[in-house]
Undergrad: 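What follows is a single structure, and I will ask about it in a moment.
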Amino acid sequence: MRKFRLQNAIGTQWDLTVEDSFLSNPKGLGGERKTTYAQIGNRWIGMEDVQKQKNITGKVVFETYEKFHEFCIFAQHRPLTLIYVAAGTYMLQVSIEKIGKSEIEAIGLSSDITMKGLTAWYRILNVEDSDAGYEKKYPYMYDYTYADNATGSMEFDTDSVADNPIKLVVIGPCRNPSWVQYENGSVKAGGKVSCTIGNGNRLIVDATKIPYEIAEYSQSGERVRDLYQNSDFSTQRFLFAGYGHNKISVMHEGSEEIHAAMEVMIEYDSI
């Protein structure tokens, strides 16, 4: 049975497959592309080929006015993430554009819902080297792959041809950390930051959100300082996993062993 859940910005979840707030007749879950062509003789050449923004609609039936009001309060904590469980568990960051309201009838209070997709559908792949000690806790369950590789080295495979954004986490202590990404055996990207990260703190190089970020965080998740200006602008710095086999090697100029982890946001046109 397919399941839907919404998660708000403070980590609270709302189950949309229970009797007192059931999502019915969902539409727009698939994918559609925006494509333009230029004609040359009897042939056409693609000029633009991008995903169209997802527009998901449905009807939620609430048992009571109080339940509807509770949902409205929940939805104010933006951004929201739609969690869809069917052939696996996938996520879509969304903005609710419409929450309709009717009077209570025999079946309950009927509410037409419209959600605009802010990302593609994606799943999270967690990868870390041996003894990295990076434990990212999520308030929802999903399918994932864990790889335990050599110190400072992480390898994984992806089944999506998209540019799948990566959040790289380099765990202190380290001095002037750098990294190289290989895709199917060839060098794809790299980066370096001139900084010293203390024991237990993390250097975060994050391409999974907009704007991208290079910053130091404490072990408890508090932002310590921005390090974007300390990065090597002659390199790509931000990482995106490609289709097939990916390997990221992390190094630094200190004497301690380097440890790293990453979250890969594997994206799909449709699921």
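Residues: numbered from 1 along the sequence shown.
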Undergrad: Is there a path of hydrophobic side-chain contacts, each under 4.5 Å between heavy atoms of I/L/V/M/F/W/Y residues, joining V61 to V18?
TA: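 V18 does not cluster with V61.
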Undergrad: Just jot down the salt bridge (Lys or Arg N to Asp or Glu O under 4.0 Å) partners of D15, sequence neighbours excluded, or say none.
TA: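 If we apply the salt bridge (Lys or Arg N to Asp or Glu O under 4.0 Å) test to D15, skipping adjacent residues, there are no hits.
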Undergrad: With a sphere of 6.0 Å drawn around CZ of R43, does it hold more than 12 non-hydrogen atoms of other residues, nucleotides or ligands?
TA: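 No, CZ of R43 has 12 or fewer neighbouring heavy atoms, counting only those of other groups under 6.0 Å.
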Undergrad: Is there a donor-acceptor pair under 3.5 Å between the side chain of Q53 and the backbone N or O of G117?
TA: yes
Undergrad: Could you tell me whether the side chain of N164 and the main chain of A241 form a donor-acceptor pair under 3.5 Å?
TA: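 Yes; judged by distance alone, with no hydrogens or angles, the pair exists.
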Undergrad: Could you check W14 against N8 for side-chain contact (heavy atoms from CB on, under 4.5 Å), going step by step and ending with a plain yes or no?
TA: CA-CA 8 Å; W14 191 284; N8 65 14; over 6 Å; no
Undergrad: Given 3.5 Å as the limit, does a donor-acceptor pair link the side chain of R202 with the main chain of G200, or not?
TA: yes
Undergrad: Using the side-chain contact (heavy atoms from CB on, under 4.5 Å) criterion, which residues pair with T35? Sequence neighbours excluded.
TA: R33, Y37, D49
Undergrad: Measuring from atom OH of Y268 to atom OH of Y90, what distance do you get when rounded to the nearest 0.5 angstrom?
TA: 5.0 Å
Undergrad: Filter on salt bridge (Lys or Arg N to Asp or Glu O under 4.0 Å), then keep only pairs touching residues 64-82, sequence neighbours left out; what's left?
TA: D20-K67, K67-E70
Undergrad: Examine L118 and L6 and state if one hydrophobic cluster contains both, with Ile, Leu, Val, Met, Phe, Trp and Tyr joined whenever side-chain heavy atoms are less than 4.5 Å apart.
TA: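 As far as the 4.5 Å side-chain criterion goes, L6 and L118 are not connected within one cluster.
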Undergrad: How close do V170 and P177 get, counting heavy atoms only, and between which atoms?
TA: CG1-CB, 4.2 Å
Undergrad: Looking at W44 and N42, what are the two nearest heavy atoms and their distance?
TA: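 Smallest heavy-atom distance, with atoms named: CZ3-O, 3.2 Å.
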Undergrad: Is any side-chain heavy atom of E263 closer than 4.5 Å to a side-chain heavy atom of L125?
TA: no
Undergrad: For I210, does the CD1 atom have more than 12 heavy-atom neighbours from other residues, nucleotides or ligands under 6.0 Å away?
TA: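 No.
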Undergrad: Do K101 and C72 touch side chain to side chain, with heavy atoms closer than 4.5 Å?
TA: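 A side-chain contact is absent here, since even the closest heavy-atom pair is not under 4.5 Å.
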Undergrad: The criterion is salt bridge (Lys or Arg N to Asp or Glu O under 4.0 Å); which residues satisfy it with K59, sequence neighbours excluded?
TA: D112
Undergrad: Can you list everything that forms a side-chain contact (heavy atoms from CB on, under 4.5 Å) with N176? Sequence neighbours excluded, please.
TA: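 side-chain contact (heavy atoms from CB on, under 4.5 Å) list for N176, sorted by chain: K192, S194, E253.
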Undergrad: What's in the same ILVMFWY side-chain cluster as V161, cut-off under 4.5 Å, chained through other members?
TA: Y243
Undergrad: Taking T158 for the side chain and G242 for the main chain, is one N or O donor matched with an acceptor at less than 3.5 Å?
TA: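 A pair under 3.5 Å: yes.
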Undergrad: When rounded to the nearest 0.5 angstrom, what distance separates CD1 in I83 from CZ in R5?
TA: 5.0 Å
Undergrad: Sequence neighbours left out, what passes side chain to side chain donor-acceptor pair (under 3.5 Å) with S234? Give chain and number order.
TA: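 Per chain and number, S234 pairs via side chain to side chain donor-acceptor pair (under 3.5 Å) with D232.
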Undergrad: Rounded to the nearest 0.5 Å, how far does OG1 of T196 lie from CG of L203?
TA: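 Rounded to the nearest 0.5 Å, the CG-OG1 separation comes out at 11.0 Å.
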Undergrad: Is there side-chain contact between S21 and F71, with at least one heavy-atom pair below 4.5 Å?
TA: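 Result no, sub-4.5 Å side-chain heavy-atom pair not found.
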Undergrad: Are L82 and W121 close enough that some pair of their side-chain heavy atoms sits under 4.5 Å apart?
TA: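 They are in side-chain contact.
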Undergrad: Do I104 and V60 belong together in a cluster built from hydrophobic side chains that touch within less than 4.5 Å?
TA: yes
Undergrad: Within the 4.5 Å heavy-atom criterion, are V250 and L168 side-chain neighbours or not?
TA: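 They are in side-chain contact.
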Undergrad: Please lay out, stage by stage, how F68 and I99 fare under the test side-chain contact (heavy atoms from CB on, under 4.5 Å).
TA: CA-CA 10 Å; F68 174 81; I99 304 177; 3.7 Å; yes
Undergrad: Test of understanding: clusters of I, L, V, M, F, W, Y form through side-chain heavy atoms closer than 4.5 Å, transitively. Do Y212 and L227 belong to the same one?
TA: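 Same cluster: Y212 reaches L227 through Ile, Leu, Val, Met, Phe, Trp or Tyr contacts under 4.5 Å.
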Undergrad: Pair F238, I214 - check side-chain contact (heavy atoms from CB on, under 4.5 Å), show working.
TA: CA-CA 9 Å; F238 299 101; I214 300 176; 3.7 Å; yes
Undergrad: Share the residues that join I45 in a hydrophobic cluster, the rule being Ile, Leu, Val, Met, Phe, Trp or Tyr side chains under 4.5 Å apart at the heavy-atom level.
TA: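 For the cluster that includes I45, the remaining residues are I40.
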Undergrad: Return yes if a side-chain donor-acceptor contact under 3.5 Å exists between H245 and D157, otherwise no.
TA: yes
Undergrad: With sequence neighbours excluded, tell me which residues meet salt bridge (Lys or Arg N to Asp or Glu O under 4.0 Å) with E97.
TA: none
Undergrad: Please report the interatomic distance CD1(I248) to CD(E183), rounded to the nearest 0.5 Å.
TA: 9.5 Å
Undergrad: Where do A120 and E267 come nearest, in terms of heavy atoms and distance?
TA: CB-CB, 4.1 Å
Undergrad: Is the backbone of G152 close enough, under 3.5 Å, to the side chain of W179 for a donor and an acceptor to pair up by distance?
TA: no
Undergrad: Minimum heavy-atom separation for A261 to M154, with atom names?
TA: CA-SD, 3.7 Å
Undergrad: Looking at Y228 versus F233, is the centre-to-centre ring distance below 6.0 Å?
TA: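 That pair passes the under 6.0 Å test.
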Undergrad: Which heavy atom of K54 sits nearest a heavy atom of G31, and at what distance?
TA: NZ-CA, 3.7 Å
Undergrad: Is there a side-chain contact between F156 and M262 in this structure, where contact means two heavy atoms from C-beta onward sitting under 4.5 Å apart?
TA: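 In contact.
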Undergrad: Other residues, nucleotides and ligands only: do more than 12 of their heavy atoms fall within 6.0 Å of NE2 on H69?
TA: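 Counting other residues, nucleotides and ligands, NE2 of H69 stays at 12 neighbours or fewer.
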Undergrad: Could you walk me through whether R123 and T89 pass the side-chain contact (heavy atoms from CB on, under 4.5 Å) check?
TA: CA-CA 7 Å; R123 64 183 176 93; T89 301; over 6 Å; no
Undergrad: Measuring from T12:OG1 to H77:NE2, what's the distance to the nearest 0.5 Å?
TA: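 Here the rounded value is 7.0 Å.
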Undergrad: Please confirm whether the backbone N or O of Q93 pairs with a side-chain atom of T119, one donor and one acceptor, at under 3.5 Å?
TA: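 Yes; judged by distance alone, with no hydrogens or angles, the pair exists.
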Undergrad: With side-chain hydrogen bond (donor to acceptor under 3.5 Å, both in side chains) as the test, would you mind laying out the steps for Y65 and E103 before giving the verdict?
TA: CA-CA 9 Å; Y65 290 116; E103 294 300 315; 2.7 Å; yes
Undergrad: If you link ILVMFWY side chains whenever their heavy atoms are less than 4.5 Å apart, which other residues fall into the same cluster as V187? By chain and number, please.
TA: V180, Y182, M251
Undergrad: Listed by chain and number, what are the salt bridge (Lys or Arg N to Asp or Glu O under 4.0 Å) partners of E256, not counting sequence neighbours?
TA: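 For E256, no residue satisfies salt bridge (Lys or Arg N to Asp or Glu O under 4.0 Å) once neighbours in sequence are set aside.
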Undergrad: Once you round to the nearest 0.5 Å, how far does CG of L29 lie from CG of L92?
TA: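 If I round to the nearest 0.5 Å, the distance is 9.0 Å.
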Undergrad: For a 4.5 angstrom cut-off between non-hydrogen side-chain atoms, does D206 reach V169?
TA: no
Undergrad: Quick one: side-chain contact (heavy atoms from CB on, under 4.5 Å) partners of S220, sequence neighbours excluded?
TA: S218, E222
Undergrad: Do you know which two heavy atoms are closest between K167 and I204, and how far apart they sit?
TA: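 Closest heavy-atom pair between K167 and I204: CE-CG2, 3.8 Å.
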